[in-house]
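Protein chains get the first letters and strands the later ones, always in sequence-line order, with residue 1 at the start of each. No experiment lies behind these values; they were computed from the predicted model shown.
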2 protein chains.
Amino acid sequence: MSKLSQQILEIVKDSDKHMTAEEIFLLAKKKKVDISLASVYRVLNSLSEEGCLRRISFSNKADVYDKSVSDHGHLVCSKCKETVDLEFKDLRKILLKQTGVDFDYYELTINYVCEKCKRLKEKRK
Amino acid sequence: MSKLSQQILEIVKDSDKHMTAEEIFLLAKKKKVDISLASVYRVLNSLSEEGCLRRISFSNKADVYDKSVSDHGHLVCSKCKETVDLEFKDLRKILLKQTGVDFDYYELTINYVCEKCKRLKEKRK
DNA sequence: CTAAATGCAAACTATTTGCAACGAT
DNA sequence: ATCGTTGCAAATAGTTTGCATTTAG
């Protein structure tokens, strides 16, 4: 693993948020890590493939990278896309039992409309 | 709902696969439905927002549209992206109980490597 | 007559890629 | 000397948008 790969991985691991490639790039810049955006993409792709990170897609938005590669889900507001991590008890076990497939990982996104956006919607009426 | 919207919806509902906007566009053409690609996108967006269809994103691939708007998940091969629908018993209930959030819908993607791709991988070694 | 829907081409965004230069082994 | 890594610019892919035109009510 190259030095830049390590630094990028560290940046993602140190953050509490899911970040887009662009956000990671900017944060790297701020931390004086000298890397181009193209390389950020390349490095993030490698890291995801190696299982050090997880790449997540939401409709209509740039992909984000998640430092947590263990089982968990996301609660996402359909309007503003704000995302909260969710832990589930025994979900892997339940899915395994119901599908019979020994899978690598699951991506569970629960869509709802957050309070903020609900209120906005009301106002617009 | 415009005539074209209805026709596009019908095309999606009639198909057993998840299709990309492009695939839907081509299928429409074949069925002599005269519509531009831009309008296919516009129509699919409206239909998704109205809850008649569901738009699904996978990393690295064009979004697909799912005729099934009821609770279900997808088993996706990480390599070839081939997708199979999955039904889960009581999953909504379980998620509701564990999160306490009365959500609109969930998107559950289970990632694995299908047999075909597993064999390919072996060969490459 | 007005508002909504459409086609076309252009714009846009996110992401990937070709290539030459660089760096470590 | 070789091979993976990088930066840059260009390419690509998917999707959206502005605008003039058509269509439906």
Side-chain angles (χ1 to χ4, degrees), chain A residues 1-12 17-50 52-66 76 78-81 83 107 109 124, chain B residues 1-12 17-50 52-66 76 78-81 83 107 109 124:
Chain A
M1 194 185 296
S2 79
K3 188 170 180 202
L4 282 180
S5 282
Q6 286 172 40
Q7 292 176 303
I8 292 298
L9 180 55
E10 214 166 293
I11 285 175
V12 177
K17 305 183 307 170
H18 305 113
M19 289 184 290
T20 63
E22 180 109 37
E23 288 167 342
I24 293 166
F25 169 66
L26 292 174
L27 190 49
K29 222 180 205 171
K30 201 181 290 176
K31 299 198 173 182
K32 306 294 176 204
V33 174
D34 191 29
I35 185 171
S36 70
L37 180 56
S39 293
V40 169
Y41 274 109
R42 263 188 292 234
V43 162
L44 288 172
N45 277 346
S46 310
L47 291 172
S48 307
E49 272 165 32
E50 289 160 21
C52 305
L53 296 178
R54 189 163 306 160
R55 180 177 176 171
I56 308 170
S57 307
F58 302 118
S59 293
N60 237 335
K61 286 273 170 180
D63 288 358
V64 295
Y65 296 83
D66 192 337
V76 182
S78 316
K79 303 292 173 201
C80 69
K81 307 286 174 188
T83 304
E107 259 178 75
T109 307
R124 258 189 286 126
Chain B
M1 193 187 295
S2 79
K3 188 170 180 203
L4 283 181
S5 282
Q6 287 173 38
Q7 291 177 302
I8 291 299
L9 181 55
E10 213 165 295
I11 285 175
V12 177
K17 306 183 307 169
H18 306 114
M19 288 185 291
T20 63
E22 180 109 36
E23 288 168 341
I24 294 167
F25 169 66
L26 292 174
L27 190 50
K29 221 180 206 171
K30 201 182 288 178
K31 298 198 174 184
K32 306 295 176 202
V33 174
D34 191 29
I35 187 171
S36 70
L37 181 56
S39 294
V40 169
Y41 275 108
R42 264 189 291 236
V43 162
L44 288 171
N45 277 347
S46 309
L47 290 172
S48 306
E49 271 166 31
E50 289 160 22
C52 305
L53 296 177
R54 189 164 304 160
R55 180 177 174 169
I56 307 169
S57 305
F58 301 118
S59 292
N60 238 334
K61 286 273 170 179
D63 288 358
V64 294
Y65 296 84
D66 191 337
V76 182
S78 315
K79 302 293 172 200
C80 69
K81 304 288 174 188
T83 303
E107 261 179 72
T109 306
R124 257 188 286 126

Exercise for review: Show the numbers, then the answer: is there a side chain to side chain contact (heavy atoms under 4.5 Å, CB included) between A/Tyr65 and A/Ile56?
Suggested key: CA-CA 6 Å; A/Tyr65 296 83; A/Ile56 308 170; over 6 Å; no
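- Computed from coordinates, the A/Phe25 CZ to C/dT15 C1' distance equals 14 Å when rounded to whole Å.
- Atom-to-atom, CD of A/Glu22 to P of C/dC12 comes out at 16 Å; the value is rounded to the nearest Å.
- Atoms NZ (A/Lys29) and P (D/dG7) sit 12 Å apart, rounded to a whole Å.
- Whole-Å rounding puts the A/Gln6 CD to D/dT6 P distance at 11 Å.
- Side-chain N/O atoms of A/Tyr41 include none lying less than 4.0 angstrom from OP1 or OP2 on C/dT16.
- When atom types are taken as modelled, the side chain of B/Ser48 and the backbone of B/Leu44 share a donor-acceptor pair closer than 3.5 angstrom.
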For residues 28-43 of chain B, please give each side-chain donor-acceptor pair under 3.5 Å, one per line with the distance, not counting sequence neighbours.
unit_1	atom_1	unit_2	atom_2	d
B/Ser36	OG	B/Ser39	N	3.2
B/Ser36	OG	B/Ser39	OG	3.2

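- Atom P of nucleotide C/dA14 and atom CG of A/Leu26 are separated by 12 Å, given to the nearest angstrom.
- One N or O on the side chain of A/Glu23 and one on the backbone of A/Thr20 form a donor-acceptor pair closer than 3.5 Å.
- Between B/Val12 and B/Ile24 the shortest side-chain heavy-atom distance falls below 4.5 Å.
- Using a 4.5 Å cut-off on side-chain heavy atoms (C-beta onward), B/Met19 and B/Val64 make no contact.
- A close approach under 4.0 Å does occur between a side-chain nitrogen or oxygen of A/Asn45 and OP1 or OP2 of C/dT16.
- The side-chain heavy atoms of B/Lys17 and B/Thr83, taken from C-beta on, include no pair separated by under 4.5 Å.
- To the nearest 0.5 Å, atoms CD (B/Glu107) and OG (B/Ser57) are separated by 7.0 Å.
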Might you list the N or O atoms of the protein lying below 3.5 Å from N or O atoms in nucleotides 21-24 of chain C, with each pair's distance?
none

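- At distances below 3.5 Å, not a single donor-acceptor pair connects side-chain atoms of B/Glu50 with backbone N or O atoms of B/Leu47.
- A/Glu50 has its CD atom 14 Å from the P atom of D/dG4, to the nearest Å.
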Return the polar atom pairs (N/O with N/O) between nucleotides 5-10 of chain C and the protein under 3.5 Å, or none.
unit_1	atom_1	unit_2	atom_2	d
C/dT6	OP1	B/Ser2	OG	3.1
C/dG7	OP1	B/Asp34	O	3.2
C/dG7	OP2	B/Ser36	N	2.9
C/dG7	OP2	B/Ser36	OG	3.0
C/dG7	OP2	B/Ser39	OG	2.7
C/dG7	N7	B/Arg42	NH2	2.8
C/dG7	O6	B/Arg42	NH2	3.4

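- Rounded to whole Å, atom P of D/dA13 lies 16 Å from atom CG of B/Asp63.
- If you take CG of B/Leu44 and P of D/dG14, they are 15 Å apart, rounded to a whole angstrom.
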